[in-house]
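To start, the structure itself, in structure tokens.
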Number of protein chains: 2
Amino acid sequence: MRRKSLSGAACPIARTLDVIGDWWSLLIVRDALRGMRRFSEFEKSLGVSKNILTRRLHALVRQGILETAPAADGSAYREYRLTAKGRSLFQVLVALGQWGHENAAAPAGSRMIMVDREHRRPVRKLEVRASDGRLLGPGETMMVRIGELAGASNTNQG
Amino acid sequence: MRRKSLSGAACPIARTLDVIGDWWSLLIVRDALRGMRRFSEFEKSLGVSKNILTRRLHALVRQGILETAPAADGSAYREYRLTAKGRSLFQVLVALGQWGHENAAAPAGSRMIMVDREHRRPVRKLEVRASDGRLLGPGETMMVRIGELAGASNTNQG
DNA sequence: TCATCTAGTTCCATAATAGAACCTGTGGGA
DNA sequence: TCCCACAGGTTCTATTATGGAACTAGATGA
């Protein structure tokens, strides 16, 4: 059976999962954000088999999250670079990392954490805030169809 | 071949994906955050077949993201409720929703957006900030092993 | 020149997904 | 009380996706 497509869903969460909701895509983006660009780098970092890596990379290119370009080292090979669309998955990765840090046990001694590069201090926990700055919990939000928004057409986010 | 396990990974992003990195889990959590609790509610909302829904729900219970309890309507059935661990996936869902809103096209007229329930205004875009409050982009962060943290043992997040 | 590296492709066994049919206990109405 | 629809599954089968290994073609480099 064909995997169910969510690309036409009204919910933006479902549409996102349709694009990057598989085993490897987000890990590839994570590595790409760390600076990896070459097929062999991803292969080594992820420990994924080549056929799957090939398919994932091509899918990410098709979706505009990665793009290929001549390798920066001047060789005849090509490399994979994040597009702006790919880089904007940053917040998703931070959220996943923070949740994993707090909720998924890691082998002792090898736990990693995201820090700001300059001061090497942990990044702040992500906060969901209303447009007026109020901190929001899960129960204080809801999804509405665009057009049912209140007052001024503040097209902030989604 | 057994699906590759990431549960022992040092990277918290990988560990999170090991837990909820599949097609349906996050959509179930999304619906649960909206208040859904019953098997049939999830089934109707997601359009997923029963055998898969059963497996996903049981897996989420096993992982402590959902828990079962006697149904709130007093019937003999049971319902699935989010645990604190499950509710803390809120930031992940907001990040996914914001990315989808900005980067994944939706069928015209049916786009949805997350708002704060009180004022019906879009939630602010998530911001990644350093412990001193500086706004951070993808290039200004890195992952380090815990123990290589600078100075004071500020155990903020991950 | 020749071995090695890069970036794949192909082949196969196994696991996951989707859909449908079937099953068991509940709840509610006549 | 009887009966039927509903809730919440389980079982079966077809189709995909995944993982591992083997194989390949072009590029590099000693």
Side-chain angles (χ1 to χ4, degrees), chain A residues 1-9 14 17-28 31-32 35-63 66-82, chain B residues 1-9 14 17-29 31-32 35-63 66-81:
Chain A
M1 296 298 142
R2 141 159 263 87
R3 220 174 199 192
K4 184 159 288 190
S5 170
L6 301 168
S7 61
L17 291 174
D18 191 75
V19 176
I20 45 87
D22 74 273
W23 226 214
W24 296 113
S25 295
L26 279 173
L27 292 175
I28 292 173
D31 283 349
M36 290 187 194
R37 298 185 165 182
R38 297 291 286 267
F39 187 93
S40 56
E41 288 181 294
F42 292 116
E43 187 190 1
K44 209 174 304 173
S45 166
L46 300 173
V48 61
S49 63
K50 297 174 168 205
N51 55 357
I52 296 183
L53 181 54
T54 300
R55 259 207 295 268
R56 289 289 119 223
L57 287 172
H58 289 0
L60 289 170
V61 169
R62 221 181 316 113
Q63 283 153 345
L66 295 177
E67 61 190 2
T68 56
D73 63 3
S75 72
Y77 298 113
R78 298 184 71 73
E79 62 182 26
Y80 296 87
R81 292 185 195 163
L82 279 175
Chain B
M1 298 294 143
R2 143 157 263 89
R3 217 174 200 192
K4 185 159 286 190
S5 169
L6 302 167
S7 61
L17 291 174
D18 191 76
V19 177
I20 46 86
D22 72 275
W23 225 214
W24 296 112
S25 294
L26 279 173
L27 292 175
I28 292 173
V29 173
D31 283 348
M36 289 187 194
R37 299 184 165 181
R38 297 291 286 268
F39 186 93
S40 54
E41 288 181 296
F42 292 117
E43 188 190 0
K44 210 174 303 175
S45 165
L46 300 172
V48 62
S49 62
K50 296 175 167 200
N51 56 357
I52 295 184
L53 181 55
T54 299
R55 261 209 295 270
R56 290 290 118 225
L57 287 172
H58 288 2
L60 289 170
V61 169
R62 221 183 314 113
Q63 283 153 344
L66 295 177
E67 62 190 1
T68 56
D73 62 4
S75 72
Y77 299 112
R78 297 184 72 73
E79 61 182 26
Y80 297 87
R81 292 186 195 162

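Order of the sequence lines sets the chain letters (A, B, ...), proteins ahead of strands, with each chain counted from 1.
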For this session: Please work out which of the three classes, parallel, tilted or perpendicular, describes the rings of A/Y80 and A/H58, given edges at 30° and 60°.
Result: tilted

Side chains of [X] and [Y] in contact at under 4.5 Å (non-hydrogen atoms):
X     : Y     : answer
B/L6  : A/L27 : yes
B/K4  : A/W24 : yes
B/I28 : B/V48 : no

Which residues pass the side chain to side chain donor-acceptor pair (under 3.5 Å) test with [X], sequence neighbours left out?
X     : result
B/T68 : B/R78
A/S45 : A/D31
A/D22 : A/S25, A/R56

Report all interatomic pairs (protein N or O, nucleotide N or O of nucleotides 26-30 of chain C) with separations under 3.5 Å.
from   : atom 1 : to    : atom 2 : distance (Å)
C/dT26 : O4'    : B/Y77 : OH     : 3.1
C/dG27 : OP1    : B/A76 : N      : 2.6

Exercise. Closer than 4.0 Å, any side-chain N/O of A/R38 to the OP1 or OP2 of C/dA7?
Worked result: yes

Exercise. Below 4.0 angstrom from OP1 or OP2 of C/dG8, is there any side-chain N or O of A/Y80?
Worked result: yes

For this session: Enumerate the residues from residues 18-27 of chain A whose closest heavy atom to DNA chain D is under 4.0 Å, giving them by residue number; use none for an empty result.
Result: A/W23, A/W24

Exercise. Taking CZ from B/R78 and P from C/dG25, how many angstroms apart are they, rounded to a whole number?
Worked result: 17 Å

Problem set entry | Whole-Å gap separating P (C/dT17) and CD1 (B/I28) | 11 Å

For this session: Mind jotting down which residue pairs meet the salt bridge (charged side-chain N to carboxylate O under 4.0 Å, His left out) criterion with at least one end in residues 37-47 of chain B? Sequence neighbours excluded, please.
Result: B/R37-B/E79, B/R38-B/D73

For this session: Please work out which residues in residues 39-56 of chain A have a non-hydrogen atom less than 4.0 Å from an atom of DNA chain C and list them by number.
Result: A/F39, A/S40, A/K50, A/N51, A/T54

Exercise. Partners of A/V19 by side-chain contact (heavy atoms from CB on, under 4.5 Å), sequence neighbours excluded?
Worked result: A/Q63, A/I65, B/W99

Seminar exercise, completed: Taken to the nearest 0.5 Å, the spacing of B/L53 CG from B/F39 CZ works out to 4.0 Å

